[in-house]
There are 2 protein chains.
Amino acid sequence: MSKQAAVDAPCCPPLTERRVPAETAAVLAPAFKALGDPVRLQLMSMIASAEGGEICVCDLTPAFDLTGPTISHHLRTLREVGLVDADRRGTWVYYRARPTILRQLAGLLGALPAGDTVDEPPHQAPARRDCS
Amino acid sequence: MSKQAAVDAPCCPPLTERRVPAETAAVLAPAFKALGDPVRLQLMSMIASAEGGEICVCDLTPAFDLTGPTISHHLRTLREVGLVDADRRGTWVYYRARPTILRQLAGLLGALPAGDTVDEPPHQAPARRDCS
DNA sequence: TGTCTGATTCGACAGACGTCGAGACAGTGC
DNA sequence: GCACTGTCTCGACGTCTGTCGAATCAGACA
C-alpha cells in the first residue's frame, strides 16, 4: 500500500553545518513537500498532538472546509512519505504520527539538543536591498 | 518585489503539542514547500553551511546539472519565503541564510527534548469513537 | 563609450498537484 | 442477508511548478 520512502533515510547533520548530499535531499524533500500544504500541516499537527497518540479520520474531516476524498488524499500523501501511519479499527481509521522522521526533519533544520543553536550572523533587519 | 511573508510569523509551539492554527499553517507551509524540492533543499544547505555565512551564486550554479535561470528561479523561491537573503556586491550576488525562520520551522517540527519520543507511540487504542 | 561577464526576468511547455463528484470497498447492526 | 455508515479510489478539471532558451539588466574593465 503506502510507500513510506523517507522512513529509512540515514540520519542527517543540520543543514547549517554541512551540505546535504543529493541522496539525502532526494529522500527528505518529499517529506518537506508534504508539509508544504497548509491543510496537510494542520492535519499533521492534529495527528501528532492527538491525545492517545492517534486520531480518527472522522475527527479530522469536519475540521476543514474540504470534502472527504480531499482529506483522504492529503492523508495518503502524508502516509506515503512516512509521516503518519494508518490503522483501521472497525468502521473507523486511526492515524498516528511517526516521530522518527519528524525528528529527522527537525534535526536537519537544526533543532539541535537545544542551546547551541546557531545564532544570527550579522544581519540588520531593514536591509532591504531590493536588487531587482 | 520579494514577499518574505513567513519571516514575521509568530513563533510556534511544536506541532506535536498543540494543533497548528490555520493562520500559522498558512504562513509556515510555504516555507516547508520551498524546502520540498531536492534542489532547493541542497541550495539551502549550501547557503546555510557556507563559511563566512554567505555564498556566491557563482559557487552554487556549477554544483547542479541545471541552467543558471533555473537556479535563479529556485533562489528566488527561497528568498520569497524568507529563508534566504540576497546581497549584490559588484558583479556577484551573495546569498545568506536567515536562521530565524529556520529555527521556527525546526521548533514547529518538535523541539523535542531529545531522547523522549521513540518511534512507537503508546499503542493501545483508547477506543475513542464519539465521531457521530 | 563599448564590450564582456554574471545574474535575473520573460515566455513557453510538459508534468505534477489540489480539488471535486461519483462510485467502490470495509465493517456494523438489525 | 441487507441496509447503513465511514473511508478510500477513480477520473476529470483547472492551476501551479520545474525547466529551458532567449532576452535583459547590472557592474567591471579597457
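Heavy-atom basis, side chains included; hydrogens, waters and symmetry copies ignored.
- Distances from the side chain of B:C58 to the nucleotides C:dG6, D:dT7, D:dG21 place C:dG6 closest.
- Protein atom CG of B:D87 is 14 Å distant from nucleotide atom C1' of D:dG27, rounded to whole Å.
- Checking A:R88 against B:W92, the closest nucleotide of DNA chain C that is more toward the 5' end is the one next to B:W92.
- Taking atom CD1 on A:I71 and atom C1' on D:dT9, their separation rounds to 16 Å, with Å as the unit.
- The phosphate of D:dG18 has neither OP1 nor OP2 within less than 4.0 Å of any side-chain N or O from B:T70.
- Nearest-nucleotide assignment on DNA chain D puts the 5′-proximal partner with A:P69, out of A:P69 and A:K33.
- Atom NE2 of A:H74 is separated from atom C1' of D:dC8 by 15 Å (rounded to the nearest Å).
- Pairing each heavy atom of A:V20 with each of B:Q42, the nearest pair is O-CG, 3.5 Å.
- Residue contacts for A:G68: at a heavy-atom cut-off of 4.0 Å it reaches no nucleic acid atom on any strand shown.
- Rounded to a whole Å, the CG atom of A:D37 is 17 Å from the P atom of D:dT15.
- Atoms CZ (B:R76) and P (C:dT8) sit 10 Å apart, rounded to a whole Å.
- In terms of phosphate contacts, B:R40 brings a side-chain nitrogen or oxygen within less than 4.0 Å of OP1 or OP2 of D:dG18.
- Under the 6.0 Å distance and 45° angle rule, B:R19 counts as a cation-pi partner of A:F64.
- Between the NE2 atom of B:H73 and the P atom of D:dT17 there is a distance of 8 Å, given to the nearest Å.
- A:L102 has its side chain within reach of B:L15: a pair of non-hydrogen atoms, C-beta onward, lies under 4.5 Å apart.
- Side-chain contact between B:Q104 and B:L28: present, with at least one pair of heavy atoms (C-beta onward) separated by less than 4.5 Å.
- Side-chain proximity of B:V57 to C:dA7, C:dT9, D:dT7: nearest is C:dA7.
- For B:T67, counting side-chain heavy atoms from C-beta on, the closest listed nucleotide (C:dT8, D:dG21, C:dT19) is D:dG21.
- Rounded to whole Å, atom P of C:dG6 lies 12 Å from atom CG of B:D59.
- Distance OH (A:Y95) to P (D:dG6): 16 Å, rounded to an integer number of Å.
- Side-chain contact check for B:D37 versus B:H74: some heavy-atom pair is nearer than 4.5 Å.
- For A:T91 and D:dG6, the shortest distance from a side-chain N or O to OP1 or OP2 is not below 4.0 Å.
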